> 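Before we start, here is the structure in question, set down as structure tokens.
Bear in mind that the values here come from a model prediction, so they are computed numbers and not experimental data.
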Amino acid sequence: MSESSAPAAAPADPAVINCRIRALLGRGELTPAGREEYGRLLVEWEAAVRAEQELAA
């Protein structure tokens, strides 16, 4: 079976990711691990927004 026949993962919901970002920032000053998580979440959020826009087009 080829990899292209595997079901695609459902796109992430930007609103859910945004809530996770807000919760992280609501804890106060970010630790180095928190800054790393924040950066990862921003990238994930951007990809989710882009995927939503592509679906809408």
Side-chain angles (χ1 to χ4, degrees):
M1 193 180 259
S2 70
E3 288 183 34
S4 62
S5 65
D13 183 354
V16 171
I17 300 167
N18 189 32
C19 286
R20 291 170 54 197
I21 291 170
R22 288 177 180 267
L24 182 65
L25 294 175
R27 295 181 197 152
E29 189 173 338
L30 294 177
T31 64
R35 284 192 290 275
E36 185 177 317
E37 175 72 0
Y38 176 74
R40 188 188 64 73
L41 287 170
L42 284 178
V43 170
E44 187 178 341
W45 176 83
E46 181 182 20
V49 168
R50 193 173 295 133
E52 261 192 1
Q53 290 172 343
E54 289 172 2
L55 286 174

> How close do Ala48 and Ala12 get, heavy atom to heavy atom, and via which atoms?
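Taking every non-hydrogen atom into account, CB-O, 3.4 Å.
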> So, using side chain to side chain donor-acceptor pair (under 3.5 Å) as the criterion, who are the partners of Arg35 when residues are at least two apart?
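Residues passing side chain to side chain donor-acceptor pair (under 3.5 Å) with Arg35: none at all.
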> In the hydrophobic clustering that connects Ile, Leu, Val, Met, Phe, Trp and Tyr at side-chain heavy-atom distances below 4.5 Å, which members other than Val49 occupy its cluster, ordered by chain and number?
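Once heavy-atom contacts under 4.5 Å are chained together, Val49 belongs with Ile17, Ile21, Leu24, Leu25, Leu30, Tyr38, Leu41, Leu42, Trp45.
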> Got a salt bridge between Arg50 and Glu46, using NZ or NE/NH1/NH2 to carboxylate O under 4.0 Å?
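Counted as a salt bridge, because a side-chain N and a carboxylate O are separated by less than 4.0 Å.
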> Go through the structure and list residues passing side-chain contact (heavy atoms from CB on, under 4.5 Å) with Val16, not counting sequence neighbours.
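In terms of side-chain contact (heavy atoms from CB on, under 4.5 Å), with neighbours along the sequence ignored, Val16 is linked to Asp13, Arg20.
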> My understanding is that only residues two or more places apart in sequence, or in another chain, count here; which of them pass side chain to side chain donor-acceptor pair (under 3.5 Å) with Glu37?
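Glu37 satisfies side chain to side chain donor-acceptor pair (under 3.5 Å) with Arg40 only.
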